[in-house]
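Since the structure is predicted, the reported quantities are computational estimates derived from the model, not experimental observations. By convention in this document, chain letters (A, B, ...) are assigned in the order of the sequence lines, proteins followed by strands, and residues within each chain are numbered from 1.
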Protein chains: 2
Amino acid sequence: MVRSGRRTGAGDTKQAILQAAREVFYAEGYAGATMRAIAAGAGVDPALIHHYFDNKRSLFVAAMRLPIDPQRVVQVLTGGDRARLGETLAGLFFGIWESPDADPFIAVVRSAMTHEDAAAMLRDMISEEVIGPVAAALEVDNPKLRTSLVGAHMAGLAMMRYIIRLEPLASADPDLLVEAVGPAVQRYLTEPLWQRAS
Amino acid sequence: MVRSGRRTGAGDTKQAILQAAREVFYAEGYAGATMRAIAAGAGVDPALIHHYFDNKRSLFVAAMRLPIDPQRVVQVLTGGDRARLGETLAGLFFGIWESPDADPFIAVVRSAMTHEDAAAMLRDMISEEVIGPVAAALEVDNPKLRTSLVGAHMAGLAMMRYIIRLEPLASADPDLLVEAVGPAVQRYLTEPLWQRAS
């Protein structure tokens, strides 16, 4: 925890806020963390946090070095061609993870694996920022279950390809993976999930 | 590490072997662990390990408290009705995770998340004991990629439903999940993966 009566510059202040944010998100979870608690942890006025970050979500994105803002995922899942949602999401997913922008986040995921509460924190963020908004916009039965099935599939792919590096998945051509995974995502999002009640 | 010149009973010996096995599997990985090293760790003769466990796989199953022998997964994936492989595997998967037999394994997975090498150990076990044999038996293109896609999907579901407990996936009826997930598994295993080359 960084506390200091005097700052040498804006960069230091921002870093102190990000460090305090990580600590508060880990300790309190996504829903429980407040901008006020993070400001207290960083030893700054809450108004200063709002100078750097619009809201809790954007502070979380920066603190956890997410390679994409969850809001962008929601935009993709609620806009665009409904018949190509699966392919679009798979393309976005592999595009992000293949880019160097994902490297810092991979490091965060690795270290988060040893934090007991990190998984709950990520889960709550996904529920609040992705599953909720997508479910509200997708006009289908069981929208939250569908979105969580997609989330589980994507999480498994990310874990096995980029973190654990299970072969041959880890070395497969990403364009071919988009083609292979897209239809599964499409079905979970918009097609009948089961025979009895669709 | 348990070392002792004298054992009070067979139960103690078996527990010492299992404890040594966990330590050697974590330290050396699945491929690198040998029955000899585990015997040395437990302070017993290698022949004694073979008295309790047929082979490294069955020792691993016991040490990690796996709720199912990977060989059983291979049997399901390589036998039975090919057109219903997805449903069969999904049914087996949710059936195991729903049973009380899975509780000790869930505890192992939680603690393994803090062992840096545990993921690599599980990955190598899955590669050697599941992906290899299944790929050799499934008469399809890209059998190992298909099996690893299924593995990634199942791992994501297990993580999100049983470990992280993402809702509403965590509370969904398991029979409905078998119906929802079965077709995705079926497609990964036996249907064309992409348009260009199937």
Closest non-hydrogen atoms of B:Gln186 and B:Leu85, given as atom of the first, atom of the second and distance, are OE1-N, 3.0 Å
Hydrogens and angles aside, do A:Gln19 and A:Glu23 bring a side-chain donor and acceptor to less than 3.5 Å of each other? yes
Below 4.5 Å from any heavy atom of chain B, which atoms of [X] appear? Answer side chain, backbone, both or neither.
{"X": "A:Val181", "answer": "both"}
{"X": "A:Arg187", "answer": "side chain"}
{"X": "A:Ala172", "answer": "side chain"}

Answer key: most heavy-atom pairs under 4.5 Å with chain A among B:Arg165, B:His153, B:Arg123, B:Glu167 is B:His153
Selection from B:Asp124, B:Leu166, B:Thr147 maximising heavy-atom pairs under 4.5 Å formed with chain A: B:Leu166
Side chains of B:Asp101 and B:Ile68: does their closest heavy-atom pair fall under 4.5 Å? no
Side chains of A:Leu77 and A:Leu189 in contact at under 4.5 Å (non-hydrogen atoms): yes
Heavy-atom pairs under 4.5 Å with chain B: which of A:Pro183, A:Gly151, A:Ala155 has the most? A:Pro183
Parallel, tilted or perpendicular, as decided by the 30° and 60° cut-offs, for the rings of B:Phe25 and B:Tyr30: parallel
